[in-house]
Asker: 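This is the structure, below, for whatever I ask next.
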Amino acid sequence: MPRGGKLGLPLVCRPAQLLQHPVRPIAGTPSLAHAAPQLPIDRLGPRRGMLLAAAAILLVAGADYATGYEMRLSVLHLAPIALAAWTAGTRAGMAAALAACLLWLLSFKSGNIYRQQAYYFWEAAVMLCGFLTVAWLSARLRRALSQADERFSRVIEEMRAAVYVADARRDEMLYANPEMLRIADTAAGLSPSAFERQFERAAEGGDAAPERDAAGFSSATLKSQRGGRWYLMQDGPIPWGSNPDVRLRVLTDITERRNAELLREKHLEVMHQAAQLTTLAEIAATLAHEINQPLMVIATYTDACQRLLDAPRIDRAEIARALGKCHAQAVRAASIIERLREFIRQRQHRPAPCAAGAVVAEAVATLRPQLDAAGIAVDFAETAPELELMADRILLTQVLVNLIRNAIDAMRDTPPEERRIALAVAARDGEARFAVADHGPGLDAAARENIFAPFFTTKPGGLGLGLAICRSVAEAHGGRLWAEEAPARGAVFHLAIPLKDTAP
Ligand code: ADP
């Protein structure tokens with residue numbers, strides 16, 4: 001269904017047709033398309049092809065007759081037969097083959113050298129078979145090439161991407177598909193450089209030369225100065241006759257994808273802030289209580305010191321003990337505040353592509369001294385080594401450090417030979433699934449219920465903030481953190497983070 005383009009070109013303009021009908025420049029516009037490279041044989045067309053083939057067959061037959069068939073020139077008929085079949089189709093090729101054979105049959109009759117008439121007809125039959133085969137093969141080859149052209153151009157014309165072929169040296173547009181004609185601005189001219197001036201390049205990778213794939217194609221992100229739309233431009237060489245400067249360029253509209261990416265980033269940031277605020281609110285509420293406790297103890301001991309100082313006989317050892325207790329409680333209060341500050345400092349969430357396996361390896365390396373000191377062996381099973389995440393690597397490493405540290409703490413009473421931590425990372429349902437399993441006492445009902453609540457701790461010096469923070473970090477990444485009893489013994493902590501392509 002040819003439609004008229006705004007440049008006045010027939011929009012359906014197949015390479016096969018280009019081969020036969022050079023595109024004429026459009027009046028009033030610079031020439032958009034020039035004749036594509038053609039073989040001389042393709043320029044002949046069916047009529048002239050047939051005439052030329054007929055003349056050549058007569059010439060060969062005449063020469064064969066004149067030389068008394070000594071030189072067996074009849075084999076030269078193959079060229080005009082192939083020419084007829086190529087330019088005018090199978091029937092024309094077959095007719096040329098038949099004509100060549102008849103000519104040979106009629107003229108050779110006079111100089112028949114065979115002892116038996118049957119051999120003379122046998123040679124004619126063999127010759128006809130050979131000629132017909134060449135005619136059929138030539139026509140078939142021509143048809144196959146046209147169909148390949150047809151398929152290629154159908155794909156290009158129906159593509160929603162703009163495709164054009166440009167002569168980079170002469171700055172000429174050689175071919176443009178309908179989508180390209182739609183987005184081209186006629187006022188800006190039709191040369192590739194004039195068209196490309198309508199776009200500005202997104203700054204990507206600084207001044208470094210763009211990377212090329214195996215076919216020599218490179219990609220760049222462009223922004224249209226007219227409509228503000230974003231395009232991915234792929235540019236690479238295309239064979240075009242003997243001209244080495246011809247480039248194929250494909251512009252794909254990626255505006256929706258880019259907008260979705262920006263929206264996703266904003267969404268992630270908002271979600272992260274919301275998660276942080278929720279956790280901070282929970283922490284603030286319980287922190288008051290937590291800090292209050294050491295402050296009350298300090299107040300009690302300073303009261304006691306006051307009384308000891310007022311006593312008639314000053315007991316220096318008792319005062320020193322009370323002051324020591326004050327000091328320990330002050331240090332505990334300071335450490336609570338320090339942990340909170342640390343958490344707030346890490347609040348800046350900077351997602352970037354990172355490899356899941358590398359995050360686990362980094363967490364293990366961080367805790368290597370503690371693992372060695374506790375005599376704990378680490379098994380690491382990585383079923384998908386190339387797993388890529390969109391995550392804040394430092395925060396994610398910190399989550400795993402917390403989980404492994406808890407596992408170390410949980411195995412204090414485990415017999416030395418059973419002290420093992422099994423780490424795993426695998427892809428499942430668009431997520432990277434991390435698992436940290438230990439051989440500790442596992443989780444009782446109270447622990448299962450409360451471990452993620454801020455300040456739940458069963459450790460003498462524990463703060464109970466680690467898992468609450470870990471869960472809020474997981475959720476800020478659009479992921480989850482949960483715990484289960486291990487099948488045999490101990491606890492398993494599961495962390496699920498969306499993979500790079502599915503990250504929110
Ligand atoms: P903290 O380590 O300061 O206690 P966490 O939030 O990291 O704070 O842990 C909270 C509590 O969860 C721990 O005190 C412990 O009772 C329980 N817990 C955490 N990890 C494990 C584990 N691997 N096995 C058994 N209990 C655990």
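Every number for a ligand or one of its atoms is a count from 1 in the order of the listing. Nothing fancy with the numbering, it's 1 onward along the sequence.
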Asker: Do Ile156 and Tyr175 have side chains that get closer than 4.5 Å, going by heavy atoms?
Answerer: yes
Asker: Check this for me: does any side-chain nitrogen of one of Glu261 and Arg258 sit under 4.0 Å from a carboxylate oxygen of the other?
Answerer: no
Asker: Does Asn402 come within less than 4.0 Å of ligand 1, judged by its heavy atoms?
Answerer: no
Asker: Who's closest to atom 4 (O) of ligand 1 heavy-atom-wise, of Asp409, Thr457, Ile469?
Answerer: Thr457
Asker: Determine the interplanar angle of the Phe452 and Phe493 rings, folded into 0 to 90°, and report it as parallel if under 30°, tilted if 30 to 60°, perpendicular if over 60°.
Answerer: perpendicular
Asker: Which of the numbered atoms in ligand 1 are under 4.0 angstrom from any heavy atom belonging to Gly442?
Answerer: 25 (C)
Asker: Do any pairs count as a salt bridge (charged side-chain N to carboxylate O under 4.0 Å, His left out) and have a residue in residues 299-316, sequence neighbours left out, and if so which ones?
Answerer: none
Asker: Give yes or no for whether the N/O distance cutoff of 3.5 Å, strictly under, is met between Gly464 and ligand 1.
Answerer: yes
Asker: Give the atoms of ligand 1, by number and element, whose distance to some non-hydrogen atom of Leu443 is under 4.0 Å.
Answerer: 25 (C), 26 (N), 27 (C)
Asker: Compute the shortest N/O to N/O distance between Lys459 and ligand 1 and return yes if it is under 3.5 Å, no if not.
Answerer: yes
Asker: Can you see whether Ser146 engages Arg142 through a side-chain donor-acceptor pair at a distance of less than 3.5 angstrom?
Answerer: yes
Asker: So for ligand 1, is Leu467 a polar contact partner (N or O within less than 3.5 Å, distance only)?
Answerer: yes
Asker: Going by the order shown, which atoms of ligand 1 are within less than 4.0 Å of some heavy atom of Phe493?
Answerer: 20 (N), 21 (C), 22 (C), 23 (N)
Asker: Just jot down the salt bridge (Lys or Arg N to Asp or Glu O under 4.0 Å) partners of Arg169, sequence neighbours excluded, or say none.
Answerer: Asp245
